[in-house]
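Counting starts at 1 for both ligands and their atoms, in listed order. Scope of the values below: all heavy atoms of this structure, side chains included, with no hydrogens, waters or symmetry mates. Please read these numbers as outputs of a predicted model, since none were measured by experiment.
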Amino acid sequence: MAIVNLQNVTYKYPLTHTPVLSNINLEVKEGEFVAVIGPNGAGKSTLCYTLAGFVPHFFKGELEGKVEVAGVDLKSTPLNEWVRNVGLAFQNPFNQISGAKYTVFEEIAFGLENQGVPRDEMNRRVDQALTMTGIRDLADRSPYSLSGGQQQRVALTSILVMQPKILVLDEPTSQMDPIGTREVFGVIRQMAERGMTVIMAEHKVEWIAEFADRVVALKDGKILLQGVPADVLTSHLLAENGFGTSRYTSAAREALKFNLWPKHLHLPTTLQEAVDGFNLTSAPSPKERGE
Ligand SMILES: Nc1ncnc2c1ncn2[C@@H]1O[C@H](COP(=O)(O)OP(=O)(O)O)[C@@H](O)[C@H]1O
Ligand SMILES: [Mg+2]
């Protein structure tokens, strides 16, 4: 049984005529890590808002089709109930900061506090979450004094601490360097291993290839294709439709034209696959060795 179930979902923002999501069908299993890719304006954030209940409950507009998460139907469930199952980290982490708290620790504790979680348990859970995302050293800082990447970690931590069944992340590493990005992908992978379902809008295909279970490619509000990263990320459809491609895939695709990538191999999506493939071709042939 899918924990996330979208059927024929079409959505228009208020006072607009063109749907931003068109006939989306998407089923996600519990503990699955799904990455959503797509050019700017494809509808990734809107899809995140829909999963998180902000569409239609906050944004209003016209939502058709069925959105069901954890067995609950979106249209008949108020937002305050919906958010118990789904946590969203916004594309801009600044929007996530409550403005009501002086330190990162208090900021992360805010949601638990609102739920009336006892202080001991609250402190323990906040501490655990801070350790997990690697920001314990920021606990006493003001959320406003942080860099964008640090704020993104705080946003992620404040969602994780709530232990939602479904974690929705809208470009959660956009302001991080490669090391930070890799770490955060690692944390998210771990959450999925523990049974949390993750849906993440993201551009960084190299990391998606390494960590995600499935990729959904969105274009003009429609699903262009979906499947395992190795298939979707090497598809010609992506290159033809303005999607970013992994540098490893692009390099091998070029190399193939000069017979420098083994024909029998799948195009690579990760560094390791690229290294393995290029190693096979770089050895000189018997003829080149003069044999
Ligand atoms: N509040 C809004 N009202 C009307 N149109 C919107 C609103 N927010 C986003 N859009 C439009 O919806 C489309 C998809 O946007 P978005 O979901 O942000 O895409 P992405 O995250 O893939 O860049 C864009 O054409 C954007 O202009
Ligand atoms: Mg977006």
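- Nearest protein heavy-atom contact of atom 19 (O) of ligand 1 is G43 N, 3.1 Å.
- Counting non-hydrogen atoms of other residues, nucleotides and ligands closer than 6.0 Å to CG of D177 gives a total above 12.
- Annotation: V20 places no N or O atom under 3.5 Å from an N or O atom of ligand 1; distance criterion only.
- The aromatic rings of F94 and Y144 lie perpendicular to each other, with more than 60° between the two planes, well past the 30° mark.
- Protein non-hydrogen atoms do not reach within 4.0 Å of atom 26 (C) of ligand 1.
- Only the backbone of P39 comes within 4.0 Å of ligand 1, judged by heavy-atom distances.
- Here's the thing with A42: one of its N/O atoms is less than 3.5 angstrom from an N/O atom of ligand 1.
- Side chain of K66 to backbone of L74: no donor-acceptor contact under 3.5 angstrom is found.
- Counting only N and O atoms by type, the side chains of T173 and E202 include a donor and acceptor under 3.5 Å apart.
- Looking at atom 10 (N) of ligand 1, its nearest protein heavy atom turns out to be Y13 CE1, 3.4 Å.
- Given atom 17 (O) of ligand 1, the protein heavy atom at minimum distance is T46 OG1, 2.5 Å.
- Using a 4.0 Å cut-off to heavy atoms of N40, the atoms of ligand 1 that qualify are 23 (O).
- Looking at R189 and E210, no side-chain N of the basic residue comes within less than 4.0 Å of a carboxylate O on the acidic one, giving no salt bridge.
- Contact annotation: S45 places an N, O or S atom under 2.8 Å from the Mg ion (ligand 2).
- Ring to ring, F54 and F90 are close: their centroids are under 6.0 angstrom apart.
- Here the protein heavy atom with the shortest distance to atom 23 (O) of ligand 1 is G41 N, 2.7 Å.
- For a distance bound of 2.8 Å, the N, O or S atoms of N40 include none lying that close to the Mg ion (ligand 2).
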Next item on the list: Quick one: do E81 and R84 satisfy salt bridge (Lys or Arg N to Asp or Glu O under 4.0 Å)? Show the steps, please.
Entry: CA-CA 6 Å; E81 277 177 42; R84 283 184 212 149; 5.3 Å; no
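- To the nearest 0.5 Å, atom CE of residue M196 and atom CD of residue Q163 are 6.5 Å apart.
- Within the structure, ligand 1 lacks G38 among the residues with a heavy atom less than 4.0 angstrom away.
- Taking distance alone, with nitrogen or oxygen atoms compared against 3.5 Å, S45 approaches ligand 1 more closely than that limit.
- Counting only distance, with no hydrogens or angles, the side chain of T133 and the backbone of A129 share a donor-acceptor pair below 3.5 Å.
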